[in-house]
Amino acid sequence: MFRDTKAFSGFSVDDTDRAERFYADTLGLRVSRDDEMGGLLTLHLAGDRPVLVYPKADHVPASYTVLNFPVADVDRAVDELTARGVRMARYEGMRQDEKGIMRGHGPTIAWFTDPAGNVLSVLEQR
């Protein structure tokens, strides 16, 4: 039924202005905004897979990773994110190094959050 449908994902934020600055300026993504639709944002990712970011007055941050960024070098990506003011998230029970990177338990990965508290990651591209 949906085999050839170009599905897309989305998640909420509490402040689309802050989200737009974070995704465009900090992460360097191409972001478009539709003010006629209440300020909806679209993150334009490689591979022509848009992600909808929508405002929600009673937003609660997602308790799971909503967006993963595969990268060739997680250490380098973490260093660049940290230099841009992004703090890596730390999770109890996860063996993360001083940079916040978990190694040797699945793909090398580090988590961080957007200004609305949604969880994102950079992970080793395989």
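Only a predicted model underlies this, so the values are computations on that prediction, with no experimental measurement involved. Excluded from the calculations below are hydrogen atoms, water molecules and symmetry mates; all remaining heavy atoms, backbone and side chain alike, are included. Just so you know, residue 1 is the first one in the sequence shown, and it goes up from there.
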Self-check item: V74 reachable from M94 in the ILVMFWY side-chain graph, under 4.5 Å edges
Solution: no
Quiz item: Any side-chain heavy atom of L120 within less than 4.5 Å of one from L27?
Solution: yes
Quiz prompt | Within 6.0 angstrom of R76 CZ, more than 12 heavy atoms from elsewhere | solution = no
Quiz item: Testing V122, V119, T82 for side chain to side chain contact (heavy atoms under 4.5 Å, CB included) with F112, which one passes?
Solution: V122
Quiz item: Does the distance from a Lys or Arg side-chain N to an Asp or Glu carboxylate O, for R84 and D25, drop under 4.0 Å?
Solution: no
Exercise. Could you tell me whether D35 atom CG has more than 12 heavy atoms of other residues or ligands within 6.0 Å of it?
Key: yes
Quiz item: Are the charged groups of R103 and D75 less than 4.0 angstrom apart, N to O?
Solution: yes
Quiz prompt | Rounded distance [0.5 Å steps], CG in L81 versus CZ in R87 | solution = 13.5 Å
Quiz item: If you group Ile, Leu, Val, Met, Phe, Trp and Tyr by side-chain heavy-atom gaps below 4.5 Å, do V13 and L40 land in one group?
Solution: no
Quiz item: Closest heavy-atom contact between D14 and A116?
Solution: OD1-CB, 3.5 Å
Quiz item: Is the number of heavy atoms from other residues, nucleotides or ligands under 6.0 Å of Y91 OH greater than 12?
Solution: yes
Quiz item: Does the side chain of K56 reach to within under 4.5 Å of the side chain of D58, using non-hydrogen atoms?
Solution: yes
Quiz item: Do the side chains of E80 and V86 get nearer than 4.5 Å, heavy atoms only?
Solution: no
Quiz prompt | Rounded distance [0.5 Å steps], CG in D114 versus CZ in R21 | solution = 12.5 Å
Self-check item: Shared hydrophobic cluster for V31 and L45 (ILVMFWY, side-chain gaps under 4.5 Å)
Solution: yes
Quiz item: From T113 OG1 over to M88 CE, what is the distance, rounded to the nearest 0.5 angstrom?
Solution: 9.0 Å
Quiz item: Would you say Y64 and F8 are hydrophobically clustered, going by side-chain heavy atoms of ILVMFWY under 4.5 Å?
Solution: no
Quiz item: Taking all atoms of both residues into account, what is the closest heavy-atom pair of L41 and A19, and its distance?
Solution: CD1-CB, 4.0 Å
Self-check item: Nearest heavy-atom neighbours spanning H59 and S12
Solution: ND1-OG, 2.7 Å
Quiz item: So, for S121 and W111, which heavy atoms are closest and what is the spacing to 0.1 Å?
Solution: CB-CD1, 3.8 Å
Self-check item: Residue pair L123 / I109: nearest heavy atoms and the distance that separates them
Solution: CB-CG1, 3.9 Å
Quiz item: Would you say R33 and D17 make side-chain contact, with heavy atoms under 4.5 Å?
Solution: yes
Quiz prompt | Joint cluster assignment, L43 & L52, ILVMFWY side-chain distance < 4.5 Å | solution = no
Quiz prompt | Reported CZ-to-CE distance for the pair R95 and M102, which is rounded to 0.5 angstrom | solution = 10.0 Å
Self-check item: Donor-acceptor contact present, side-chain H44 to main-chain R30, <3.5 Å
Solution: no
Self-check item: For F22 against P115, the heavy-atom pair lying closest together
Solution: CG-CD, 3.4 Å
Self-check item: From OG1 (T16) to CG (D34), nearest 0.5 Å
Solution: 11.0 Å
Practice problem: Output the distance between atom OH (Y23) and atom CG (L29), rounded to the nearest 0.5 Å. | Solution: 8.5 Å
